[in-house]
Amino acid sequence: MFNSGDIVKVLIPNVINRGYDYRLVESADIGNFVRVTVMNRHYIGVIVGAGDSGLDESKIKSVIEVSNVGKMSKADIDWVYKMSDWTLMAPGAVLRLILNVPDAFEAVKTEQLYTFNFDSSVKMTQQRQAVSDAFASNDNEAMSVKDIMNIARVSNAVVKSMIKSGALLSADSREIKDNRFLYKYFDTGSVKLNDEQQSAADTIAKALSTDGFSVHLLDGITGSGKTQVYFDSVLRAYNAGKSVLLMMPEIALTAQFIDRFEKRFGAPPVVWHSNLTSARRRSIWRGVACGDIRIVVGTRSALFLPWQNLGLIVVDEEHEEHDTSYKQEDMGNYHARDMAILRAKIANFPIVLASATPSVETLHNVALGKYKRLRLTSRFGGAQLPTIETIDMRVNRSESYKIGDEEKNGNLSSQLCEAIKDTLDNHQQVMLFINRRGFAPIVQCKKCGWVAGCPDCSTSYNYHKHINKLVCHMCGRMEIVPSVCPQCGNNVSMRGAGLERIEEEVMNKFPNARTALVSSDTIMSREALERLVHKMENGEIDIIIGTQILAKGHHFPNLTLVGVVDADMGLFGTDFRAGEHTFQQLFQVAGRAGRGEFPGRVLLQTYQPEHPVIRAICAGDRDEFMASDMESRRAAQMPPFGQLVAVIVEADKETTLKKYCDELSRNAPALNGGKIMGPIAAQIYQIRNWYRMRFLISGNARANLQPIVSDWIAKVKQPANVRIKIDVNPQNFM
Ligand code: ADP
Ligand code: ZN
Ligand code: ZN
């Protein structure tokens, strides 16, 4: 506790600095949010400790105000600094993730209260008497106009006239609490866990009751009922007075999920994601800060809510999305799972990772005994896992189709079409998966070879038919489709297949089937996704065609056939996670089939049926695949056996970029057992008109690369118009 006059260190949410000193003019504690000025601008910062700048006291400014909205614990503050050490983001940049609700500290809405003036000589009418009685029966406790109207059953006009005549006297005002999110949860008793689920739940329960850090991998096949297991843990922690965070990818936050939550807990969850109104964000932020809201289901940014007494984190679908579309990520390069684990470790509570396809890193930690694995080996209710077969496209060729007189090359083989037909005949549903938005990935002149490309990025344009535009998937830029080749005047053609082309083919080959397209272009909001999920559940869709949005989380009992149009897509990425990621994605998609009473079937169209990833998927042999992937990583000293840090340097001019990279190379530190690779052009050399080069720093598992990298970067003066992005343990090499 600090007193008025003490000098404290305040961390500000967006300076490079590790904290500035200020003088308190009232008492306050570590973790209190305070209003201060830096260069005459107001900031909300947080007290992180005693002042230590050694500055002349006369130069130290005073804290303007200590906020009574929430408080960060000592562990939270440690977490901010540790996260900064790990990601090489400045501590202030990490704090900004927490304090990113700008109006959270603005004055709250208040309402004026009144008391009854029993000495007033105002003439009493029947209605005024009713008001008087209302106060009398509440010991003349101060009331709002609304209260008075409700209790005395009088109009606003009556109250107003009484205020005017002095029969009602102004008293204090009080904060109007937003009680939209203040739910009480209890076990509705609607679910009985099966033996496997119960034993997993018991293990987590034990960890919760002993209070301490532990990581539990809830490793269950798709449809095994992981959700109900961790719901059990959520309720336990909640009942023990703790706060609970449930993290999941945005697309998994469906009405289906919220329904399930409500059925189990008697009230809906508070949901946190990127599309909330500022009023909601503010309410939830404050509700969490003052401990009124204790369960939040949210995307990774929910990790940065001002949690009070956090006692459990559940990370559902443990691995992250690998979305390379133009949506900007929230600030900073951090892996939410790792940062959640770090938080649990520092604050000393258990964390649960739930996944059907855990990452190699996680499985490695299981093998090392650092994480406990809880297995769910069968689908809930006895549903069978789907059978998975390949369709060898080298011999099976896709069938063409006709639009008018025009013969079009198809992408669906006759085998797949047969299976679709059978499924439709049985009144069951089909999912076709292709992870490419739009109609065609390449627009090209067949005569001179010209390809339409985004002028700001080093990528080709995709053709999107439903809007009839060229779209850059890197930056979102759109252009009209050229009617002829700008180079030679010949006709242009659309090459390769995206979602929309598959839809065209399906509508042509199955004209009576009701189809739906699902991608980030057609499903712009979660509400749109909900509507679609509803239609699927009600059997209003026969064939659903979609990208990875479809891969996760959804439970459609009548969906029995999953067709993967191009299983090879993604197998040949240049980064070392390509195999793992493709495996996970295909495994997840396959897991959508046959979750109800009818068995499921998965067909993978591939030119490489003997590829290890494809073989492993068919054999349903996740563990073996992961083990072999792990072996090759061990051999190559790739994570988790070695460490990697990517440093991406971006500049708006190529000359600046080159000069700065040369300077970095000249100053490269010597690494003991590791090396610095690069600079090379980043996988995507140009994005939004900025040029990009990449260094890759490797080291063994014990190397502490972060301080080496940050010293290195600090040593070379960074010119204007150069940006540096540091990605510790990068998930992709964009
Ligand atoms: P997972 O997340 O492991 O893929 P889900 O949690 O979606 O699986 O569960 C699959 C289905 O089984 C869901 O419809 C779920 O409501 C149901 N389910 C799972 N466990 C139970 C249970 N103990 N009692 C009733 N229904 C359950
Ligand atoms: Zn041409
Ligand atoms: Zn672009």
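As the structure lists them, so they are numbered: ligands from 1, and atoms in each ligand from 1. Values below: every heavy atom of this structure, side chains too, minus hydrogens, waters and symmetry copies.
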Just checking, is any N or O donor in the side chain of Glu650 or Tyr691 under 3.5 Å from an acceptor N or O on the other one?
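No pair is found: no donor N or O on one side chain lies under 3.5 Å from an acceptor on the other.
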Would you say the side-chain atoms of Ser519 and Arg436 include a donor-acceptor pair closer than 3.5 Å?
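No, Arg436 and Ser519 have no side-chain donor paired with an acceptor closer than 3.5 Å.
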Close N or O approach ([X], ligand 1; < 3.5 Å):
| X | answer |
| --- | --- |
| Gly225 | yes |
| Gln228 | no |
| Phe380 | no |
| Asn194 | no |

Does ligand 1 have an atom that lies less than 4.0 angstrom from a heavy atom of [X]?
| X | answer |
| --- | --- |
| Gly220 | no |
| Arg379 | no |
| Gly381 | no |
| Ile221 | yes |

Decide if atom CG of Asn409 counts as having more than 12 heavy atoms of other residues, nucleotides or ligands within a radius under 6.0 Å.
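Counting other residues, nucleotides and ligands, CG of Asn409 stays at 12 neighbours or fewer.
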Contact atoms of ligand 1, heavy-atom distance to [X] under 4.0 Å:
| X | result |
| --- | --- |
| Val191 | 22 (C), 23 (N), 24 (N) |
| Thr222 | 4 (O) |
| Thr227 | 2 (O), 5 (P), 6 (O) |
| Lys192 | 22 (C), 23 (N), 24 (N) |

I'd like to know if the side chain of Gln428 reaches the main chain of Leu559, judged simply by a donor and an acceptor atom lying under 3.5 Å from each other, with no hydrogens or angles considered.
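Here the side-chain-to-backbone pair does not exist.
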Only to 10 degrees, please: what angle do the SG atom of Cys457 and the SG atom of Cys475 make about the Zn ion (ligand 3)?
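Answer comes to 110°, rounded to 10°.
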Answer yes or no: is there a side-chain heavy-atom contact under 4.5 Å between [X] and [Y]?
| X | Y | result |
| --- | --- | --- |
| Cys485 | Lys447 | no |
| Val602 | Thr387 | no |
| Met536 | Ile544 | yes |
| Leu517 | Leu499 | yes |

Has Cys472 got an N, O or S atom lying less than 2.8 Å from the Zn ion (ligand 3)?
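For Cys472, the answer is yes, given that an N, O or S atom comes within less than 2.8 Å of the Zn ion (ligand 3).
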Step by step, would you call Gln256 with Glu537 a side chain to side chain contact (heavy atoms under 4.5 Å, CB included)?
CA-CA 10 Å; Gln256 238 180 0; Glu537 288 171 336; 2.8 Å; yes
Between Gly225 and Gln197, which heavy-atom pair has the shortest distance, and what is it?
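So the two residues come closest at O-NE2, 3.0 Å.
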At under 4.0 Å between heavy atoms, is it the side chain or the backbone of Lys226 that contacts ligand 1, or both, or neither?
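Within the 4.0 Å criterion, Lys226 contacts ligand 1 through backbone and side-chain atoms alike.
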Quick check for you: with the Zn ion (ligand 2) as the vertex, what angle do SG of Cys488 and SG of Cys485 span, to 10°?
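So the angle at the metal works out to 110°.
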